[in-house]
Peer 1: 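For reference, the structure I am asking about is given below.
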Amino acid sequence: MPELPEVETVKKGLLHLVQHKRIAEVIVRWPKIVEVPTVDEFCQNLIGEQIENIQRRGKFLLFKLTHFDLISHLRMEGKYEYFPEEELVQVDKHTHVIFKFTDGSQLHYNDVRKFGRMILVEKDQGPLYKGIQKLGPEPTSDEFDLANFASNLQKSTSFIKPLLLNQKVVAGLGNIYTDEALWFAKIHPQQPASTLTHSQIEDLREAIIEVLGRAVKAGGTTIRSYKNALGEAGAFQLDLMVYGKTDEPCPRCGTPIAKIQVGQRGTHLCPYCQKIRGQDS
DNA sequence: ACGTCTGTTCTCCT
DNA sequence: TAGGAGAACAGACG
């Protein structure tokens, strides 16, 4: 479930449920989920830790504990599920990490594809983790300013879509919201980033901020729906314009939405609205 | 039944 | 060093 808006929604949900709880025990059922340190250290170090706060950076969750930062990335299908009491707990084959709290409640990390990762580092060292350190600005922050964005696009030799997906120019976009933002800005995903006109760059920046902002307000988007997972249950869903709408009419002009491959990723666009129309360079 | 696709990102290679 | 392919996994779909 993880682009920026979904992760933000999970963060809020988790904060509400587990802030100030103290960890009594941790069980790791699929060791590869824990990247650093060893599974034994991971479990040992977490005992007695209290969840002071939960933050988000790009698509990373950052649990601020008493003596550590726990970094969690959901990758493709990672989910958290909360059980208020032991009697209600359900462990299935995709439950890979179990956090038991001193009050008897539990937080489970489920991940069908096992791509998600957890990293435990010393207190306040989370932002130094390599995956977080290389992230571009948050799309809502002042850092994501037009001049800087434009300069990054001009320096690139790649298509605009793969560039937006790599997290370095701006953090938090994934396959869905990149397609949506490019549609709003009327930019073809395969337009070379360095050929975008200034007006296209302005439109794109606005579209990114707008699309992600609206998705955060809506509580994210669920493509495949699962029950009971944080950030999915009961949330409003953002209405998507192009993602997953292959052959449906473009909401702007009625032309059927096309699906193509761009850099290994399925890509949805309106072939009429989104023509490659940058300047030569 | 099999090939293809999937909300991600890391490593390896050129 | 930038960027493309493949990998890490499991399941849904036609």
Side-chain angles (χ1 to χ4, degrees), chain A residues 1-11 29-36 56-61 71-80 92-97 109-119 129-136 139 152-183 189-190 192-194 208 211-212 214-216 218-226 229-232 235 237-247 258-268:
Chain A
M1 18 178 330
E3 293 180 45
L4 185 153
E6 290 73 32
V7 179
E8 178 66 19
T9 301
V10 170
K11 184 202 82 179
R29 306 171 81 232
W30 186 262
K32 287 186 75 174
I33 298 288
V34 178
E35 193 174 298
V36 168
R56 180 195 55 74
R57 176 74 173 95
K59 303 174 193 173
F60 288 88
L61 283 169
I71 300 161
S72 168
H73 197 300
L74 276 25
R75 294 283 183 96
M76 293 290 269
E77 305 207 36
K79 293 166 189 59
Y80 281 99
D92 68 42
K93 63 173 173 176
H94 302 305
T95 303
H96 305 313
V97 183
Y109 177 72
N110 292 16
D111 189 341
V112 169
R113 292 174 71 184
K114 299 173 174 164
F115 284 173
R117 291 293 177 264
M118 292 186 191
I119 299 100
Y129 172 67
K130 58 179 181 346
I132 292 184
Q133 206 168 23
K134 70 178 181 196
L135 293 177
N152 282 134
L153 297 198
Q154 279 149 14
K155 279 186 283 187
S156 171
T157 61
S158 79
F159 293 147
I160 185 61
K161 175 167 177 179
L163 184 65
L164 294 177
L165 285 177
N166 84 6
Q167 310 299 305
K168 290 175 187 163
V169 172
V170 57
L173 285 169
N175 209 32
I176 295 180
Y177 298 115
T178 301
D179 283 1
E180 296 292 306
L182 288 169
W183 178 83
Q190 286 174 310
S194 63
I208 289 168
V211 163
L212 292 177
R214 284 180 43 225
V216 166
T221 300
T222 303
I223 300 305
R224 282 162 277 197
S225 66
Y226 288 80
L230 282 167
E232 301 199 26
Q237 299 300 303
L238 185 71
D239 199 17
L240 300 176
M241 299 292 127
V242 286
Y243 188 89
K245 307 288 187 188
T246 313
D247 295 334
K259 185 176 179 188
I260 63 175
Q261 290 291 122
V262 179
Q264 319 277 79
R265 307 301 301 276
T267 297
H268 310 75

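Scope of the values below: all heavy atoms of this structure, side chains included, with no hydrogens, waters or symmetry mates. Letters A, B, ... are given to chains in the order of the sequence lines, protein chains preceding strands, and every chain is numbered from 1.
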Peer 1: Mind checking side chain to side chain contact (heavy atoms under 4.5 Å, CB included) for K134(A) and listing every partner two or more places apart, or none if nothing turns up?
Peer 2: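 Expected list: K168(A).
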Peer 1: Base, sugar-phosphate or nothing for G266(A)? Non-hydrogen atoms, less than 4.0 Å.
Peer 2: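 Contact class for G266(A): sugar-phosphate only.
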Peer 1: Give each stem of DNA chain C as a range with a range, requiring at least 3 consecutive Watson-Crick or G-U wobble pairs whose two distances are under 3.5 Å.
Peer 2: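 Listed by first number, the stems are B:2-6 with C:10-14, B:8-14 with C:2-8.
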Peer 1: Taking the side chain of W30(A) as heavy atoms from C-beta outward, which of dG3(C), dG7(B), dC9(C) is closest to it?
Peer 2: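 So the side chain of W30(A) is nearest to dC9(C).
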Peer 1: So, using side chain to side chain contact (heavy atoms under 4.5 Å, CB included) as the criterion, who are the partners of E35(A) when residues are at least two apart?
Peer 2: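 Residues passing side chain to side chain contact (heavy atoms under 4.5 Å, CB included) with E35(A): R117(A), I119(A), Y129(A), K130(A).
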Peer 1: Using whole Å, report how far CG of L164(A) lies from C1' of dG7(B).
Peer 2: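 So the CG-C1' distance, L164(A) to dG7(B), works out to 16 Å.
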Peer 1: Taking only the side-chain nitrogens and oxygens of K59(A), find out if one of them lies under 4.0 Å from OP1 or OP2 of dG7(B).
Peer 2: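 For dG7(B), neither OP1 nor OP2 has a side-chain N or O of K59(A) closer than 4.0 Å.
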Peer 1: Name the nucleic acid region contacted by K259(A), choosing base, sugar-phosphate or nothing; use a 4.0 angstrom heavy-atom cut-off, strictly under.
Peer 2: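 Result for K259(A) = sugar-phosphate.
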Peer 1: Nearest whole angstrom, please: distance from the P of dT6(B) to the OH of Y243(A).
Peer 2: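 One finds 6 Å between P of dT6(B) and OH of Y243(A), rounded.
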Peer 1: Quickly work out the F159(A) CZ to dG3(C) P distance and round it to whole Å.
Peer 2: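 Distance check: F159(A) CZ to dG3(C) P gives 11 Å.
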Peer 1: Drop me the distance from H94(A)'s NE2 to D111(A)'s CG, to the nearest 0.5 angstrom.
Peer 2: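 One finds 9.5 Å between NE2 of H94(A) and CG of D111(A).
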Peer 1: Looking at R265(A), I'd like to know whether one of its side-chain N or O atoms comes within less than 4.0 Å of OP1 or OP2 on dT8(B).
Peer 2: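 For R265(A), the contact criterion (side-chain N or O under 4.0 Å from OP1 or OP2 of dT8(B)) is met.
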Peer 1: In whole angstrom, give me the gap between the P atoms of dC9(C) and dA1(B).
Peer 2: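 Nearest-Å result for dC9(C) against dA1(B) at atom P: 24 Å.
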Peer 1: Apply side chain to side chain contact (heavy atoms under 4.5 Å, CB included) to K32(A) and K114(A), showing your working.
Peer 2: CA-CA 8 Å; K32(A) 287 186 75 174; K114(A) 299 173 174 164; over 6 Å; no
Peer 1: How far, in whole Å, is dC10(B) from dG11(C) if one measures between their P atoms?
Peer 2: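 Taking atom P in both dG11(C) and dC10(B), they lie 24 Å apart.
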Peer 1: At under 4.0 Å, does any side-chain N or O of H73(A) touch on OP1 or OP2 of dT9(B)?
Peer 2: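 Checking H73(A) against dT9(B): at least one side-chain N or O falls below 4.0 Å of OP1 or OP2.
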Peer 1: Which of the following nucleotides, dG7(B), dA5(C), dG11(C), is nearest to the side chain of Q264(A)?
Peer 2: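 Closest nucleotide to the Q264(A) side chain: dA5(C).
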Peer 1: Round to a whole Å and report the spacing from CG of L165(A) to P of dT9(B).
Peer 2: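 It is 9 Å, rounded to the nearest whole Å.
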Peer 1: Please report the interatomic distance CD(Q264(A)) to CG(L165(A)), rounded to the nearest 0.5 Å.
Peer 2: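 The distance works out to 12.0 Å.
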Peer 1: In whole angstrom, what separates E180(A)'s CD from dG7(B)'s C1'?
Peer 2: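 In whole Å, dG7(B) C1' lies 12 Å from E180(A) CD.
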Peer 1: From dA10(C), dG3(C), dG7(B), pick the nucleotide closest to the side chain of H94(A)?
Peer 2: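 Among dA10(C), dG3(C), dG7(B), the one nearest the side chain of H94(A) is dA10(C).
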Peer 1: Please pick, from dG7(B), dA10(C), dA2(C), the nucleotide with the shortest atom-to-atom distance to any side-chain atom of T157(A).
Peer 2: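 Output: dA2(C).
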Peer 1: Can you tell me how far CE of M241(A) sits from CH2 of W183(A), rounded to the nearest 0.5 angstrom?
Peer 2: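 The CH2 atom of W183(A) sits 5.5 Å away from the CE atom of M241(A).
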Peer 1: V112(A) side chain: which of dT9(B), dC9(C), dA10(C) is closest?
Peer 2: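 Nearest nucleotide to the side chain: dA10(C).
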Peer 1: On a heavy-atom basis, which atom in Y80(A) and which in S72(A) lie closest, and how many Å separate them?
Peer 2: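 The pair with the smallest heavy-atom distance is OH-OG, 2.8 Å.
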Peer 1: Which atoms form the tightest heavy-atom contact between L163(A) and N152(A), and what is the distance?
Peer 2: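 Taking L163(A) first and N152(A) second, the nearest heavy atoms are CD2-O, 4.4 Å.
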Peer 1: If we take the C1' atom in both dG3(C) and dT6(B), what is their distance in whole Å?
Peer 2: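 After rounding to an integer number of Å, I get 23 Å for this pair.
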Peer 1: Can you figure out which of dT9(B), dA8(C), dG7(B) approaches the side chain of Q167(A) most closely?
Peer 2: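 For Q167(A), the side-chain atoms sit closest to dT9(B).
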Peer 1: Can you sort out the partners of V216(A) under side chain to side chain contact (heavy atoms under 4.5 Å, CB included), two or more places apart, ordered by chain and number?
Peer 2: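 Checked V216(A) against side chain to side chain contact (heavy atoms under 4.5 Å, CB included); matches are L4(A), P5(A), E8(A), K12(A).
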Peer 1: Rounded to the nearest angstrom, tell me the gap between atom CZ in R113(A) and atom P in dA12(C).
Peer 2: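 That distance rounds to 12 Å.
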Peer 1: Looking for any heavy atom pair under 4.0 Å, which part of the strands does K93(A) touch: base, sugar-phosphate only, or nothing?
Peer 2: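 Sugar-phosphate, no base atom in range.
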Peer 1: Applying salt bridge (Lys or Arg N to Asp or Glu O under 4.0 Å), name anything that partners K161(A), two or more places apart in sequence or on another chain.
Peer 2: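 Applying salt bridge (Lys or Arg N to Asp or Glu O under 4.0 Å) to K161(A) gives D179(A).
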Peer 1: Quickly work out the L153(A) CG to dG3(C) P distance and round it to whole Å.
Peer 2: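 Checked: the CG to P distance equals 12 Å.
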Peer 1: Pick out the pairs of N or O atoms, protein on one side and nucleotides 10-14 of chain B on the other, that lie under 3.5 Å.
Peer 2:
| unit_1 | atom_1 | unit_2 | atom_2 | d |
| --- | --- | --- | --- | --- |
| dC10(B) | OP2 | K134(A) | NZ | 2.8 |

Peer 1: Write down the atom of F60(A), the atom of G131(A), and the distance for their closest heavy-atom approach.
Peer 2: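 What the structure gives for the nearest pair is CE1-O, 3.5 Å.
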Peer 1: To the nearest Å, give me how far apart NZ (K114(A)) and C1' (dT9(B)) are.
Peer 2: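 Answer to the nearest Å: 19 Å.
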